[in-house]
Amino acid sequence: MSGETSTQEGNGTAGRVIRIGTRKSQLARIQTDSVAEKLKELYPNVHLEIVGMSTIGDKILHTALSKIGEKSLFTKELENALEKNEVDLVVHSLKDLPTTLPPGFTIGAVLKRENPHDAVVLHPKHAGKTLATLPDKSVVGTSSLRRAAQLKRRFPHLEFKDIRGNLNTRLKKLDEKDDYAAIILATAGLRRMGWDSRVSQILDPEDCMYAVGQGALAVEVRACDRDILEMVSVMHDPDTVLRCIAERAFMRHLARGCSVPVAVHTEVKDLQLYLTGAVYSLDGSDSLKETMQTSIEPGNEVEDEDVDESAQRVGVTASNVSQAAQDAAEKLGVELAKLLLSKGAREILTVARQLNDAH
């Protein structure tokens with residue numbers, strides 16, 4: 001246990017100052033404040049303090065994310081603070097978290113997912129258009145290999161150019177210059193910022209599938225800090241947990257979280273979890289895409305004395321979500337990855353990685 005303690009009651013956190021680590025960007029603060037509000041509702045006697053930090057990804061704004069090791073760019077400094085007991089929990093966008101966490105850490109809560117799809121934000125002069133109706137050679141900004149690969153395939157009349165910076169910066173680059181006809185952003189981020197009016201088009205899975213974990217918030221904690229883990233676990237959204245476990249297992253088995261064009265789409269319906277996964281060449285000309293499903297009906301865990309409630313699945317600890325369903329979700333992700341690998345996914349991703357490194 002870390003931090004100051006005073007009144008110890010309930011799960012040992014009442015009266016204690018709980019420090020929440022976050023990136024300093026406006027969106028990160030909005031996301032962290034939303035988690036803090038939930039915690040305050042659940043635990044009125046807990047004192048919360050928010051600690052803002054800058055990460056490598058926030059500082060390097062002139063290089064494509066895919067060139068500088070995409071994963072952990074936005075998490076390393078926060079995890080360092082967590083390791084040193086300078087903060088007690090950290091709020092992340094789940095898509096920023098690698099599928100393998102550093103030793104001693106776990107995702108203690110995955111909150112209900114916002115719309116995970118990507119959105120088109122048009123330059124004001126193109127108001128009313130869609131990607132399909134933009135003029136030939138229009139330039140679309142995106143910092144994601146995944147988005148560019150799928151959209152090049154779907155909309156060959158468009159050109160794609162890298163754009164970096166937080167949401168405010170990217171929107172400013174779009175609006176104040178003539179460099180881009182449109183940019184592609186996560187719908188979830190725009191909604192959390194209150195900028196729904198800027199969404200010109202939400203891309204459906206046929207146009208562009210989303211990133212692993214996109215739209216979900218994750219709370220990372222020290223795995224040994226049982227009081228904090230118990231406290232935040234109440235915020236788990238079961239459907240989101242299962243979808244994201246499947247997605248993360250798929251990514252981990254397929255590409256180990258490297259900067260390559262990998263996309264997913266998940267759905268829970270009638271106790272069935274559906275996972276669609278795809279890999280793409282950088283220009284989108286070569287791709288593999290498959291869908292699998294599994295039952296996520298809760299198992300009979302109460303009678304199973306061997307169930308380890310602290311077990312992690314692709315970095316997630318969710319003792320209050322059916323262990324059998326979590327196992328099924330993780331297996332689904334691995335099986336789908338194996339299917340794509342058997343059809344040549346490794347070759348597509350290897351070439352994509354080599355080309356990206358060479359550019």
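Small disclaimer: the values here were computed from a predicted structure and weren't measured.
Contacts classified as salt bridge (Lys or Arg N to Asp or Glu O under 4.0 Å) and involving residues 199-219 (residues at least two apart or in different chains) are given here: Arg154-Asp207. For residues 167-207, no residue pair satisfies the ring-ring contact (aromatic ring centres under 6.0 Å, His included) rule, not counting sequence neighbours. Within the structure, side-chain hydrogen bond (donor to acceptor under 3.5 Å, both in side chains) contacts touching residues 334-350 (residues at least two apart or in different chains) are Glu290-Lys343. The ring-ring contact (aromatic ring centres under 6.0 Å, His included) pairs that include a residue from residues 119-171 number zero, where partners must be two or more places apart or lie in different chains.
Remark: the backbone N or O of Lys95 is not paired with any side-chain donor or acceptor of Gln214 at under 3.5 angstrom. A donor-acceptor contact shorter than 3.5 Å is absent between the side chain of Arg23 and the backbone of Ala28. Side-chain atoms of Glu49 do not come within 3.5 Å of backbone N or O of Val17 as any donor-acceptor pair. In this structure, Thr276 contributes its side chain and Val264 its backbone to no donor-acceptor pair below 3.5 Å. Put simply, the side chain of Gln326 gets close to the backbone of Val321: a donor and an acceptor are under 3.5 Å apart. No donor-acceptor pair under 3.5 Å is formed between the side chain of Arg313 and the backbone N or O of Ala318.
Taking Ala216 as the reference, Leu94, Val110, Arg113, Thr240, Cys244 meet the side-chain contact (heavy atoms from CB on, under 4.5 Å) condition, with sequence neighbours excluded. Every ring-ring contact (aromatic ring centres under 6.0 Å, His included) that Tyr210 has, sequence neighbours left out, goes to His117, His265. Remark: Asn320 engages no residue in a side-chain hydrogen bond (donor to acceptor under 3.5 Å, both in side chains) (not counting sequence neighbours). With sequence neighbours excluded, the residues forming a side-chain hydrogen bond (donor to acceptor under 3.5 Å, both in side chains) with Gln31 are Ser93, Arg192, listed by chain and number. By the side-chain contact (heavy atoms from CB on, under 4.5 Å) test, Val234 pairs with Leu42, Tyr43, sequence neighbours left out. For the side-chain contact (heavy atoms from CB on, under 4.5 Å) test, residues two or more places apart in sequence or in another chain that qualify with Arg170 are Ser143, Ile163, Leu167, Ile183, Leu185. For Arg147, the side-chain hydrogen bond (donor to acceptor under 3.5 Å, both in side chains) criterion is met by Asp118, not counting sequence neighbours. Judged as a side-chain hydrogen bond (donor to acceptor under 3.5 Å, both in side chains), and not counting sequence neighbours, the contacts of Gln293 are Gln272.
In the hydrophobic cluster analysis, where Ile, Leu, Val, Met, Phe, Trp and Tyr join through side-chain heavy atoms closer than 4.5 angstrom, Leu122 is grouped together with Ile184. Val121 is not connected to Leu158 by any chain of hydrophobic side-chain contacts under 4.5 Å among Ile, Leu, Val, Met, Phe, Trp and Tyr, and they are in different clusters.
At most 12 heavy atoms of other shown residues, nucleotides or ligands fall within 6.0 angstrom of atom NZ in Lys172. Heavy atoms from other residues, nucleotides or ligands lying under 6.0 Å from NZ of Lys129 number more than 12.
Asp179 places none of its side-chain heavy atoms less than 4.5 Å from the side chain of Val139.
Closest of all the heavy-atom pairs between Met209 and Gly277 is CE-C, 4.1 Å.
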